[in-house]
Student: 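Pasting in a structure now, in structure tokens, and then I'll have a few things to ask.
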Amino acid sequence: MAVVVGVGSVVIPVAANAGEEENGLSAACRVADQATVWWASGEVSLTNKGDRPVRDWTAEFDVSQGQVTLDNPWAYELRQTGKHVTIKPIADRADVAAKGNRAVKVGINPAGKGMPKISGCRVNGPTGNGGDTGTNTAVPADSGSFVKDDTAVHLMWKPPTGGAEVVRYEVFQDGKQVKTVKDTMTDIERLAPATRYAFKVRAVRADGRTTGFSKDIVLTTLAAPGQDKPVIPTDLEATASGPYQASLRWRAATDDVAVTGYRIYRDGAKVQEADAKATSATVSGLTASTSHRFKVTAVDASGKESDPTREAQVTTTAAPDGNGGKAAPGDFAATTATKQDGGVTQHYLNLTWSVPQGVGQITTYQVHLNGKPAQTFMWGAGDPVLPVPTTKGSREVLVGSHPGTTYTVKIRARLGDGTWGAFSRELTVKTGG
């Protein structure tokens, strides 16, 4: 889930970071000018200078603080480990066309800890022909690298095919060359325990030319022996912050290798994370007049998780009209449409609704597809500023390139007090074809 500026707006960077170019593909990451310490929208812009489309790409960057989410989880997959973020396309839904561009919208929730910044923006990916499986035999390829212990890894790769004879290989660790070897395997030692590293390899041929880099070989060293779990956070308190969210507070945990973050559990399931300096969090998306149980754990640099705090229970307040009906978008309707994107037919849902009245100004809505959050969008921001709908709203949502697919869809609004309202009625739609 991510916030994007309304249709037709322009994203202007307040922080930008250009990524390295590989096989004709490059990336630039930026945070939009409307960023705050509570929410920011951002963008990863991919540019393909090659003569063939790229399918199997991987974009990466580091965020200074906060949780990163996707505007369109139907086309992309996002993983976040600490401050490191990785985004990949899902199947054939996000090819980068030859001589073309693709923008990936993200949202960042800094939880009031400061303005978010992006660094280390980069992209990897072999060029393809639209049907490429991601295998590029002209560069070295990982063949079973593994972690040896808390300070060493063993790298193994397949040699590239074609071209002049390979005379040696250059091994890079986090972007810096650390070794030159003649064999197709090597050990990398003197690493830090419980630390993530990205390695890549390129070959040097007899004619002096180098191949492209392999895909990143990402490995995390083991925790050092004898490290204990973090101390349990204490004094967890939970209070209702309206009908649809709760506020949590706790005392910080301690650890022998430093606490790196906290995990928040609601009714037994993990729902969000907080950074190492956090001692409070707000959990949204709750149901009005409902009891919820919360626990918090601490996580250290070795990946170990503490035992949970004692349980804190809270009951959310009633919705504005007692049952949430007045806070739900009305007259909700959904139709299907298609657009061409780099030779691929993409399917969209066109949504319309009546704006809830009597609950303050509404600038943000959230769409759920098949019961899960799929997209969040905002009006009243950007350049030019788009007018906030007051009676009727509309939006198109990309759902992918597969025809004849059935979806359930519903929508809800963030009310004037900052809480989420009730959902609209749920509709069932099927893409054409």
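Scope of the values below: all heavy atoms of this structure, side chains included, with no hydrogens, waters or symmetry mates. Numbers here simply count residues along the sequence, with the first being 1.
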Student: Applying side chain to side chain donor-acceptor pair (under 3.5 Å), can you list everything that pairs with Ser291, at least two apart in sequence or on another chain?
Tutor: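 Gln313.
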Student: Which heavy-atom pair separates Glu43 from Val106 by the least distance, and what is that distance?
Tutor: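 Nearest pair, atom of Glu43 first, then Val106: N-CG2, 4.2 Å.
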Student: By side chain to side chain donor-acceptor pair (under 3.5 Å), which residues pair with Glu273, not counting sequence neighbours?
Tutor: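 Partners of Glu273 under the side chain to side chain donor-acceptor pair (under 3.5 Å) test: Lys270.
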Student: Keeping the roles fixed (side chain from Ser145, backbone from Met156), state whether a donor-acceptor pair exists under 3.5 Å.
Tutor: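 Yes.
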Student: Which residues satisfy the side chain to side chain donor-acceptor pair (under 3.5 Å) test with Arg202, sequence neighbours excluded?
Tutor: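 Result, side chain to side chain donor-acceptor pair (under 3.5 Å) vs Arg202: Glu170.
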Student: Scan residues 276-297 for pairs that pass salt bridge (Lys or Arg N to Asp or Glu O under 4.0 Å), counting only residues two or more places apart or in two chains.
Tutor: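 For residues 276-297: Arg293-Glu311.
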Student: Have Asn101 and Thr47 got a donor and an acceptor in their side chains that come within less than 3.5 Å?
Tutor: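 Asn101 vs Thr47: donor-acceptor pair found between side chains.
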Student: If I compare all heavy atoms of Val399 with all of Tyr407, which pair ends up nearest, and what's the gap?
Tutor: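 Nearest pair, atom of Val399 first, then Tyr407: O-OH, 3.2 Å.
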Student: Mind checking side chain to side chain donor-acceptor pair (under 3.5 Å) for Ser247 and listing every partner two or more places apart, or none if nothing turns up?
Tutor: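 Ser241.
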Student: Do Tyr76 and Arg102 pair up side chain to side chain, a donor and an acceptor below 3.5 Å, judged on atom types alone?
Tutor: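 Per modelled atom types, Tyr76 and Arg102 side chains form a pair under 3.5 Å.
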Student: Is there any salt bridge (Lys or Arg N to Asp or Glu O under 4.0 Å) pair reaching into residues 329-338, and which pairs are they, with sequence neighbours excluded?
Tutor: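 As it turns out, the salt bridge (Lys or Arg N to Asp or Glu O under 4.0 Å) pairs with a partner in residues 329-338, which skip direct neighbours, are Asp331-Lys392.
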Student: Quick one: are the ring centres of Phe172 and Phe213 less than 6.0 Å apart?
Tutor: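 Under 6.0 Å, so yes.
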